[in-house]
Peer 1: 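One structure is given below, represented as structure tokens, and several questions about it will come after.
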Amino acid sequence: MTSQPRVDIAIIGGGLVGASLGCALASLVERAGLRVAVIEAAPLPPMQNEPWQPSFDARASAIAGGSARHFASMGVWDSMAEMAAPIRTIHVSERGRLGVARLRAMELGVEALGHVIPNAWMGRVLHGRLSELPLAWHCPAKVESIHPVAEGYRLQLSDGNVLEAGLTVLADGGRSGLKERLGIESHERPYDQVALIASVEVSRPHGGVAYERFTSAGPIALLPLQGQAMELVWTHERGQEGRRLALSDGDFLAELQQAFGDRAGHFRRVGRRHAYPLSLITARETVRPGLAILGNAAHALHPVAGQGFNLALRGVMDLVVAIEAGIKRSASPGSTAVLQDFEARRDADRDNVIRFSDGLIRLFGLDLPLLSHARAAGLVGLNLVGPLRRGLARRAMGMER
């Protein structure tokens, strides 16, 4: 019987979460000789030999200050920062109510509460770093079958390779169906909402302000990008997004102006619009012997608080810490002890963030007169009480879990 190539860690998914894990493992690859393979289904575009051409339509992510420090520890933050727009203020309001809360970086003595970076640029930087590491790349390749073996999992790939991995990490966003094939169920709580995402241009400099505006139909978020562009995340009741997707650019901008108001100035331009249904999805299991689940495959959140990728990145770093601690105890990356350590590190953080983001949606989604007045009073109080405001800012920055 032919022996199968064996690796210590197989990362299924080379997107932002999987690539971040590969970069975070760099020191263990170099110092401890870990053998790591990355399996990505989508072919990667040529990047390093081509000049960067930023697209007005590019999706972007809000990166908390804590996440920036994690990227710095991987040696990639300086490159990422080239295309990053700082968030200096977070402005939270509810349409039709007077209450407003402002969270400012200067109150914490930092330059920015976070940054907004095009996803394509983050991917370019992360893959550039991965190309410098002695990793085994399988791209494009899909995992056609996955089976537990004595010390890990056996993976049959579409490129004809068969791998045995001591630790297999699902970082594929949950789209591949591998969780289901392994019998791992997920709990899904639909919000009956759809996020409409696009880039918009505003008439005046945004000054690094990120807006979160709650309306009766759902929240509207605007995140600062470089120049006078902003990333729009406009939540719609399910079934209502189709009409706005079909509007002309001018009519769409007019309706956005009416819904959001003029706090950010006048909306002058909009890029391609994309719609994504929203649910709170949590995997019922995130670890098994020889298996760990990260990112959207483990938990998909409402984008209202911008915590999804930041939560995923903290999971990446906690897994690396658990693996490194296990190596010092002569424990393999896929051992039960290592994965229990990882799960213990994740429990409180994951639960707190899910409660925080889900609670915001449910609090502002209830259209009751007395509750509306209470929310307005709460926002005014938050703006007046420094310690509360600073505590929320520290959570937004990823400084507290």
Side-chain angles (χ1 to χ4, degrees), residues 3-40 66-80 125-139 141 143 146 148-155 157 161-172 286-295 297-298 312-346 349:
S3 62
Q4 314 297 335
R6 185 167 181 85
V7 296
D8 297 297
I9 302 172
I11 303 170
I12 302 177
L16 295 182
V17 175
S20 295
L21 176 59
C23 290
L25 287 169
S27 63
L28 294 179
V29 170
E30 293 166 346
R31 289 188 290 105
L34 280 186
R35 295 161 297 173
V36 178
V38 181
I39 303 150
E40 170 55 40
S67 295
R69 289 190 293 276
H70 290 321
F71 281 139
S73 73
M74 301 177 202
V76 299
W77 176 246
D78 287 346
S79 295
M80 283 197 180
V125 171
L126 289 168
H127 288 137
R129 174 63 178 131
L130 289 180
S131 69
E132 300 170 351
L133 301 175
L135 307 181
W137 268 96
H138 298 272
C139 178
V143 177
I146 177 170
V149 292
E151 294 183 352
Y153 282 81
R154 178 180 293 119
L155 311 176
L157 308 185
N161 285 287
V162 178
L163 299 178
E164 285 193 0
L167 172 62
T168 296
V169 180
L170 299 188
D172 59 355
T286 54
V287 297
R288 285 180 177 177
L291 183 74
I293 305 177
L294 292 177
L313 188 58
R314 291 198 296 275
V316 164
M317 302 308 292
D318 281 343
L319 179 58
V320 173
V321 170
I323 290 171
E324 184 167 19
I327 289 174
K328 291 177 180 177
R329 302 191 307 268
S330 299
S332 64
S335 67
T336 299
V338 166
L339 294 173
Q340 286 178 340
D341 180 15
F342 163 65
E343 184 68 1
R345 295 171 187 274
R346 298 305 311 137
D349 184 25

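Every value quoted in this text rests on a predicted model; they were computed, and no experiment measured them.
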Peer 1: Could you tell me whether a side-chain N or O of Asp172 sits under 3.5 Å from a main-chain N or O of Gly13, the two making a donor and an acceptor?
Peer 2: no
Peer 1: Compare every heavy atom of Ser20 with every heavy atom of Leu313, then report the nearest pair and how far apart it is.
Peer 2: CD1-CB, 3.8 Å
Peer 1: Drop me the distance from Ile12's CD1 to His138's NE2, to the nearest 0.5 angstrom.
Peer 2: 11.0 Å
Peer 1: Walk me through whether Arg346 and Glu343 qualify under salt bridge (Lys or Arg N to Asp or Glu O under 4.0 Å).
Peer 2: CA-CA 5 Å; Arg346 298 305 311 137; Glu343 184 68 1; over 6 Å; no
Peer 1: Any chance you could measure Arg129, atom CZ, to Phe71, atom CZ, to the nearest 0.5 Å?
Peer 2: 13.5 Å
Peer 1: Taking all non-hydrogen atoms of both residues into account, name the closest pair between Pro333 and Leu167 and its distance.
Peer 2: O-CD2, 3.8 Å
Peer 1: For residues Ser73 and Met317, determine if any side-chain heavy atom of one lies less than 4.5 Å from a side-chain heavy atom of the other.
Peer 2: yes
Peer 1: Specify the closest pair of heavy atoms between Ala171 and Val17, including all atoms of both residues, with the distance to one decimal.
Peer 2: CB-CG1, 4.2 Å
Peer 1: To the nearest 0.5 Å, what is the distance between OG1 (Thr286) and CG (Leu170)?
Peer 2: 11.0 Å
Peer 1: Got Val162 and Arg154 here, is their nearest side-chain heavy-atom distance under 4.5 Å?
Peer 2: yes
Peer 1: Taking all non-hydrogen atoms of both residues into account, name the closest pair between Gly315 and Phe342 and its distance.
Peer 2: O-CE1, 3.3 Å
Peer 1: CG of Leu126 to SG of Cys23: how many Å apart, nearest 0.5 Å?
Peer 2: 5.0 Å
Peer 1: Of all heavy-atom pairs between Leu339 and Leu291, which one has the smallest distance, and what is that distance?
Peer 2: CD1-O, 3.6 Å
Peer 1: Report yes if the side chains of Ile11 and Leu135 come closer than 4.5 Å at any heavy-atom pair, otherwise no.
Peer 2: no
Peer 1: Answer yes or no: is there a donor N or O on one side and an acceptor on the other, between the side chain of Ser79 and the main chain of Val76, under 3.5 Å?
Peer 2: no
Peer 1: Mind checking whether Asp8 and Ile323 have side chains closer than 4.5 Å, heavy atoms only?
Peer 2: no
Peer 1: Output the distance between atom CD1 (Ile39) and atom OG1 (Thr168), rounded to the nearest 0.5 Å.
Peer 2: 7.5 Å
Peer 1: Could you tell me whether the side chain of Asn161 reaches within less than 4.5 Å of the side chain of Pro5, counting heavy atoms only?
Peer 2: no
Peer 1: Minimum heavy-atom separation for Gly14 to Ala19, with atom names?
Peer 2: O-CB, 3.9 Å
Peer 1: Less than 4.5 Å apart, side chain to side chain, heavy atoms only: is that true for Val320 and Leu25?
Peer 2: yes
Peer 1: Hey, are the side chains of Leu133 and Glu30 touching, using non-hydrogen atoms and a 4.5 Å cut-off?
Peer 2: yes
Peer 1: I need the His70 NE2 to Asp318 CG distance, nearest 0.5 Å.
Peer 2: 7.5 Å
Peer 1: Which class fits the ring pair Trp137 and His127: parallel under 30°, tilted 30 to 60°, perpendicular over 60°?
Peer 2: perpendicular
